[in-house]
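Shown next, in structure tokens, is the structure this report addresses.
The figures here come from the full heavy-atom set of this structure, side chains too, leaving out hydrogens, waters and symmetry mates. In what follows, every chain begins at residue 1, and chains take the letters A, B, ... in the order their sequences are listed. Given the structure is predicted, the values throughout are model-derived calculations rather than measurements.
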Amino acid sequence: MLDLKFIRDNVGKVREGIKKKNSQADLDEILKLDETRRNLLKEVEVMKAERNRVSKELGVIKSRGEDISGKSAEMKMFSQKIKDIDSEVVDVTQKLDCLMLAIPNIPNEAVPVGLETDNKTVKEWGKKKDFGFKPLPHWELCEKLDIADFKRASKVSGTGFVVFKGNGALLERALINFMLDVHIKEHGYKEIIPPFLVNEASMTGTGQLPNLKEDMYSVDKEGLYLIPTAEVPVTNLYAGEIFPEAELPLYHAAFSACFRKEAGSYGKDTRGMKRIHQFDKVELVKFVVPESSYEEHEKLLSDAEKILQKLGLHYRVRLLASGDMSFAAAKCYDIEVYSPGCNEYLEVSSCSNFEDFQARRANIRYRAQSGKTAYVHTLNASGVALPRTFIAVLENFQMEDGRIAVPEALRPYMGGMAYID
RNA sequence: GGAGAGGUGGCCGAGUGGCCGAAGGCGACGGUUUGCUAAACCGUUGUACGGGCUAAUACCCGUACCGGGGGUUCAAAUCCCCCCCUCUCCGCCA
């Protein structure tokens, strides 16, 4: 959420930001409601001051044992008027808050303006492998090796789910543990295992609600949502809290399953596990002071990249254009790993700086040395998402004889296994 | 699921209708003392919103806030109702 005062003082910038993000947010209505609200407040606060003054007097008079019934009847009417204006204020404020929640974060100046087609590749690591044979897509490899089962998964849960089996399950588990170990032992993150169901306040705090409601699974009876990413519970861990500055920056690494309806993407990436409703992910979340957030953003990106480097997977880094960034992000890099079986780059991480956008929504602050409180900056990145990494490992390390060579970095996590066959 | 207790400022904790934005303590900040540190002593110390004045998030005024929402009252931290959360005990269960 943006600061209302900031919006008031920077109408041009905000309007431009909304446009860059391709958003429909109604800025004019917000400005109108804001003015109405302030006028009402001015009026009612003067009345309240009067009421407070008279009430105090009446207390004194009554304590002397004198009669106050006449004056008190008069004040009753006055109080009713106050109540009427107050309810108008509540009404206007609710409308205002609702519209405010729909205003996206403003893109950082370094972000290219435009749509998905304007994303820029800012880095490439490794290169496409020369196989000497036609590499198979992962769904064929999975079936041949019997390590993942899409048919049976759809029998128990419907389309868009997967079952890992045998060495496939082992590979999945190895990847999770490998990623966590790298981030915890080498990059200084503290591990978190969060709840996979969260309440509405948490979903609003990180900005998934109200805009992405359609894409979320919910348990309506309990008012809970299945998390689409560990970002939600981990960021909201500190909702309403104030960090001492000395505790920042705070780094968290969290494993979780993630649940996404992927509404509106039917017919896209339907084969295999490029886009599934439940997937595993290791998420990195940072809480930092505002001055350091862009420096921390670069470090975050390199922490996530490290995983693919250690696995020896060719990838590229894309700086997202304003219209392709998420609602809450100010700047975002996508890491895309190469899939030779599908011959395309697959997103495995979005590495975002939210500045104070989430912190303001979730009310996460820090107390500076000076004693002043201010909103922290929050950042997160997948470190990294499992299914597409799983795909990349299978497809990049497949051999002509049908076996998969296990990347060196994963072998210790698979009991020394060198090949999946 | 049943019974009970409780939720007050950065933290702990007093406060059952007006003189309570809220005692006291801790912490933090400033100062005195001090070779340094510690201790002691003195002082300061909530947030949000609106308005005024501004270079200013400095200052002044006002309003609101004692888990959240509603009600009673001239007046609510305090009384009433609903909800949420925490703790203890019992039951059920992985």
Side-chain angles (χ1 to χ4, degrees), chain A residues 1-10 30-100 193 195-205 219-225 233 236-248 250 287 289-291 355-356 359-377:
Chain A
M1 178 156 59
L2 298 178
D3 184 11
L4 185 53
K5 236 183 245 165
F6 176 87
I7 295 175
R8 209 182 287 148
D9 298 340
N10 299 275
I30 285 176
L31 294 170
K32 210 174 92 193
L33 288 170
D34 175 45
E35 201 185 331
T36 305
R37 179 172 167 275
R38 280 188 294 157
N39 287 335
L40 286 171
L41 278 181
K42 227 187 289 182
E43 186 184 350
V44 80
E45 283 182 0
V46 170
M47 292 171 79
K48 283 181 179 173
E50 170 72 4
R51 182 180 64 183
N52 288 347
R53 193 181 61 75
V54 174
S55 287
K56 214 166 258 185
E57 271 175 26
L58 289 183
V60 174
I61 295 170
K62 197 181 176 191
S63 71
R64 288 200 300 256
E66 295 173 28
D67 176 55
I68 59 167
S69 54
K71 193 72 185 163
S72 121
E74 193 181 309
M75 287 312 287
K76 188 176 182 124
M77 311 259 293
F78 195 64
S79 267
Q80 187 53 49
K81 273 187 209 157
I82 290 177
K83 216 175 262 183
D84 292 345
I85 301 176
D86 260 344
S87 74
E88 251 182 277
V89 171
V90 167
D91 192 48
V92 171
T93 304
Q94 272 172 357
K95 279 184 193 148
L96 186 58
D97 286 348
C98 193
L99 290 175
M100 288 278 290
I193 300 181
F196 294 0
L197 281 90
V198 299
N199 56 29
E200 187 168 329
S202 297
M203 280 296 193
T204 307
V219 185
D220 294 331
K221 201 175 150 215
E222 316 291 340
L224 294 172
Y225 293 83
N236 282 288
L237 285 181
Y238 303 101
E241 296 194 26
I242 300 176
F243 292 109
E245 188 173 347
E247 283 181 18
L248 301 177
L250 178 64
F287 303 86
V289 296
E291 304 77 58
E355 298 185 348
D356 63 5
R360 182 170 279 113
R361 285 185 166 226
N363 194 24
I364 306 171
R365 294 173 291 169
Y366 75 101
R367 188 174 301 280
Q369 300 295 338
S370 65
K372 289 275 177 206
T373 55
Y375 290 108
V376 301
H377 279 196

Distances under 3.5 Å only, N/O to N/O: pair up the protein atoms with those of nucleotides 64-69 of chain B.
| residue | atom | partner | partner atom | Å |
| --- | --- | --- | --- | --- |
| B:A64 | OP2 | A:N52 | ND2 | 3.4 |

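Remark: B:G50 base-pairs with B:C61. Criterion, Watson-Crick or G-U wobble with two distances under 3.5 Å. Base pairing annotation: B:A75 forms no Watson-Crick or G-U wobble pair, as no partner gives both donor-acceptor distances under 3.5 Å. With both pairing distances under 3.5 Å, B:C11 is matched to B:G25 as a Watson-Crick or G-U wobble pair. Pair assignment for B:A3 gives B:U88, based on Watson-Crick or G-U wobble hydrogen-bonding distances that are each under 3.5 Å. Under the Watson-Crick or G-U wobble criterion, with both distances below 3.5 Å, B:A40 is paired with B:U32.
If you check the side chains of A:R37 and A:T93, you find a donor sitting under 3.5 Å from an acceptor. Side chains of A:N39 and A:T36: a donor-acceptor N/O pair is absent below 3.5 angstrom, by distance only.
Between A:E45 and A:K48, no side-chain nitrogen of the basic residue sits less than 4.0 Å from a carboxylate oxygen of the acidic one, so the salt-bridge criterion is not met. Contact check on A:R38 versus A:E35 returns no salt bridge, with no Lys/Arg side-chain nitrogen under 4.0 Å from an Asp/Glu carboxylate oxygen.
Contacts of residues 198-205 of chain A with RNA chain B (heavy atom under 4.0 Å): none.
Straight-line distance from the NZ atom of A:K5 to the C1' atom of B:U47: 12 Å, rounded to whole Å. A:I242 places its CD1 atom 6 Å from the P atom of B:G10, with the value rounded to the nearest Å. Going from atom CD1 of A:I85 over to atom C1' of B:U63 covers 13 Å, rounded to whole Å. Atom NZ of A:K71 and atom C1' of B:A75 are 14 Å apart (whole Å). Atoms CE (A:M100) and P (B:C49) sit 10 Å apart, rounded to a whole Å. A:F243 has its CZ atom 16 Å from the P atom of B:G10, to the nearest Å. A straight line from CG of A:N363 to C1' of B:G46 spans 14 Å, rounded to a whole angstrom. The CZ atom of A:R361 sits 20 Å away from the P atom of B:A48 (whole-angstrom rounding).
Remark: side-chain polar atoms of A:S55 are not paired, donor with acceptor, to backbone N or O of A:N52 under 3.5 angstrom. In terms of modelled atom types and a separation under 3.5 Å, the side chain of A:R51 and the main chain of A:M75 share no donor-acceptor contact.
Distances shown here put every side-chain N or O of A:R64 at or beyond 4.0 Å from the OP1 or OP2 atom of B:C19. Regarding contacts with the backbone of B:G51, a side-chain N or O of A:R38 is found under 4.0 angstrom from either OP1 or OP2. OP1 or OP2 of B:C74 has at least one side-chain nitrogen or oxygen of A:K76 nearer than 4.0 Å. Phosphate proximity of B:G18 to A:S63: absent, as no side-chain N or O sits under 4.0 Å from OP1 or OP2.
In this structure, A:L41 reaches the sugar-phosphate backbone alone: every heavy-atom distance under 4.0 Å involves primed, P, OP1 or OP2 atoms, never a base. Here A:R360 lies out of heavy-atom contact (under 4.0 Å) with every strand.
Expressed to the nearest 0.5 Å, how far CG of A:L197 lies from OH of A:Y225 amounts to 11.5 Å.
Using a 30° and 60° split on the angle between ring planes, A:Y238 and A:F243 fall in the tilted class, from 30° to 60°.
In terms of position along RNA chain B, the nucleotide closest to A:K42 lies nearer the 5' end than the nucleotide closest to the other residue of the pair A:V46 and A:K42. Summary of the strand contacts: A:A49 and A:S72 both lie near RNA chain B, and taking for each the nucleotide with the nearest heavy atom, the more 5' one is attributed to A:A49.
Nucleotides B:C26 and B:U44 have their P atoms positioned 15 Å apart, rounded to a whole Å. Using atom P as the reference point in both B:A28 and B:A38, the two lie 10 Å apart (nearest Å). Comparing the same atom, P, in B:A3 and in B:G10 gives a spacing of 35 Å after rounding to whole Å.
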